[in-house]
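Throughout, a chain's letter reflects where its sequence line sits, starting with A, and its residues are numbered from 1. What you see is a predicted model, and the numbers here were worked out from it, not measured in a lab.
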Number of protein chains: 2
Amino acid sequence: MRHICDPNETCPVMKAVEVVGDWWSFLIVRDAFLGRKRFGEFQTSLGVAKNILTDRLRKLVDAGVFEQVPAADGSSYKEYALTKRGRELLPVLVALGDWGAADGGAMPVVDRKTGKPVRLEFCTADGRKVKVEDVQMVTE
Amino acid sequence: MRHICDPNETCPVMKAVEVVGDWWSFLIVRDAFLGRKRFGEFQTSLGVAKNILTDRLRKLVDAGVFEQVPAADGSSYKEYALTKRGRELLPVLVALGDWGAADGGAMPVVDRKTGKPVRLEFCTADGRKVKVEDVQMVTE
DNA sequence: CCGTATCCATTCCGATACTG
DNA sequence: CAGTATCGGAATGGATACGG
């Protein structure tokens, strides 16, 4: 995919899309958040061709989203674990899931410590929530 | 793009990706949030081929992200305006932009009423912020 | 089980030309 | 300016076979 978009314009959205903007990459990351780690798990879960999966996993490793760690079962294979950087993609995933779940069927996320549900919200520095329709981007 | 992913599994992330997961669609929406409305504006801004732009705009209109409205300048053309549903994509855009801006150069968003900066955060129902690393998805 | 390599069909995209 | 139509090349992805 060639894209022109003024190169001076270092748009952060575009930088992110360069890495995870691909269809499969994105679903692989989603699967990882759901606990999948092994090549075969991704492969059967997503039904993606193996060469494609290989390619995307490598790119995601290169981008620092995954790291390869020894398999938990002691086999000689590797598992793909989300890095810190990779786990920071959770807001993206949740935002997208919330939008996709027009009706209330959103993917639930919880506070690991308390087990209580959490939601993604726009907040001011002093902790006040701001509704989506009251938020706007500023061009500069 | 064919995708197998168990059809029973109505994953909201996937539903969202079906609509805006395309590279160009996503950047068009970003441009719209930056104030662009006209065919030509998108075209020169993104450098995308016109036939592709036509196609993506139509799909986004079909998906309810954009609606066509009469041009503000009274010309006989149409402008593409984000619908309510389309504006609800802002959290996705901001999450992605935050992630893409590893260093602090994130795209700023503000509360329209007060002009104060806002950020996207995970919160509990009682308004407490939860750090990303303490949030986890629950499988079911 | 985890990947790599190859092949082929399809899709996608950009350029161009054309219409109103 | 805002599209539509068409065409050829490039990239992509799926299937398959193969190897560690």
Handout entry: salt bridge (charged side-chain N to carboxylate O under 4.0 Å, His left out) partners for B:R38, two or more places apart
Key = B:D73, B:E79
Problem - Rounded distance in Å - NZ (A:K37) to P (C:dC2) - result: 14 Å
Practice task
Provide, to the nearest angstrom, the distance between the CG atom belonging to A:L27 and the C1' atom belonging to D:dG13.
Solution key: 15 Å
Practice task
For B:T44, enumerate each residue passing the side-chain hydrogen bond (donor to acceptor under 3.5 Å, both in side chains) test, keeping only those at least two apart in sequence or located in another chain.
Solution key: none
Problem - Secondary-structure stems for DNA chain D, with pairs counted as Watson-Crick or G-U when both distances are under 3.5 Å and runs at least 3 long - result: C:3-20 with D:1-18
Problem - Donor-acceptor pair under 3.5 Å, A:N51 side chain vs D:dG13 base - result: no
Exercise for the section: Please check the phosphate of D:dC1 (OP1 and OP2 only) for any side-chain N or O of B:R38 closer than 4.0 Å. Expected result: no
Exercise for the section: Determine the contact category for A:Y80: base if any of its heavy atoms lies under 4.0 Å from a base atom, sugar-phosphate if only primed atoms, P, OP1 or OP2 are that close, otherwise nothing. Expected result: sugar-phosphate
Handout entry: Non-neighbouring partners of B:T124 that pass side-chain hydrogen bond (donor to acceptor under 3.5 Å, both in side chains), sequence neighbours left out
Key = B:D126
Practice task
Quickly work out the B:W23 CH2 to D:dA11 P distance and round it to whole Å.
Solution key: 16 Å
Practice task
May I ask you to decide if A:F39's main-chain N or O and A:Q43's side chain share a donor-acceptor pair within less than 3.5 Å?
Solution key: no
Validation: residues 107-115 of chain A side-chain donor-acceptor distances under 3.5 Å, sequence neighbours left out:
residue, atom, partner, partner atom, Å
A:D111, OD1, A:K113, N, 2.8
A:R112, NH1, B:Q136, OE1, 3.0
A:R112, NH2, B:E133, O, 3.0
A:K113, NZ, B:D134, OD2, 3.4
A:T114, OG1, A:K116, N, 3.1

Exercise for the section: Give the rounded distance in Å between these two atoms: CG of B:D22 and P of C:dC12. Expected result: 9 Å
Practice task
Check the distance between C:dT19's P and B:F39's CZ and give it to me in whole angstrom.
Solution key: 18 Å
Handout entry: Over-ring placement of B:R56 relative to B:W23, 6.0 Å and 45° cut-offs
Key = no
Fill in the blank from the handout: Residues passing the side-chain contact (heavy atoms from CB on, under 4.5 Å) test with A:R119, sequence neighbours excluded, are A:E121
Problem - Residues forming a side-chain hydrogen bond (donor to acceptor under 3.5 Å, both in side chains) with A:K78, sequence neighbours excluded - result: none
Exercise for the section: With sequence neighbours excluded, tell me which residues meet salt bridge (charged side-chain N to carboxylate O under 4.0 Å, His left out) with B:K131. Expected result: none
Completion exercise
B:L46 CG to C:dC13 P, in whole Å, measures 13 Å
Kindly give the atom pairs (protein nitrogen or oxygen, nucleotide nitrogen or oxygen) under 3.5 Å for nucleotides 17-20 of chain D.
residue, atom, partner, partner atom, Å
D:dG20, N2, A:Y77, OH, 3.1

Exercise for the section: Check the distance between C:dC2's P and A:Q68's CD and give it to me in whole angstrom. Expected result: 12 Å
Completion exercise
Here the residues of residues 52-63 of chain B within 4.0 Å heavy-atom distance, strictly under, of DNA chain C are B:I52, B:R56
Exercise for the section: With sequence neighbours excluded, tell me which residues meet side-chain hydrogen bond (donor to acceptor under 3.5 Å, both in side chains) with A:K15. Expected result: none
Fill in the blank from the handout: Applying salt bridge (charged side-chain N to carboxylate O under 4.0 Å, His left out) to B:R58 and not counting sequence neighbours gives none
Practice task
Mind calculating the distance between CH2 (B:W24) and C1' (D:dA11) to the nearest angstrom?
Solution key: 15 Å
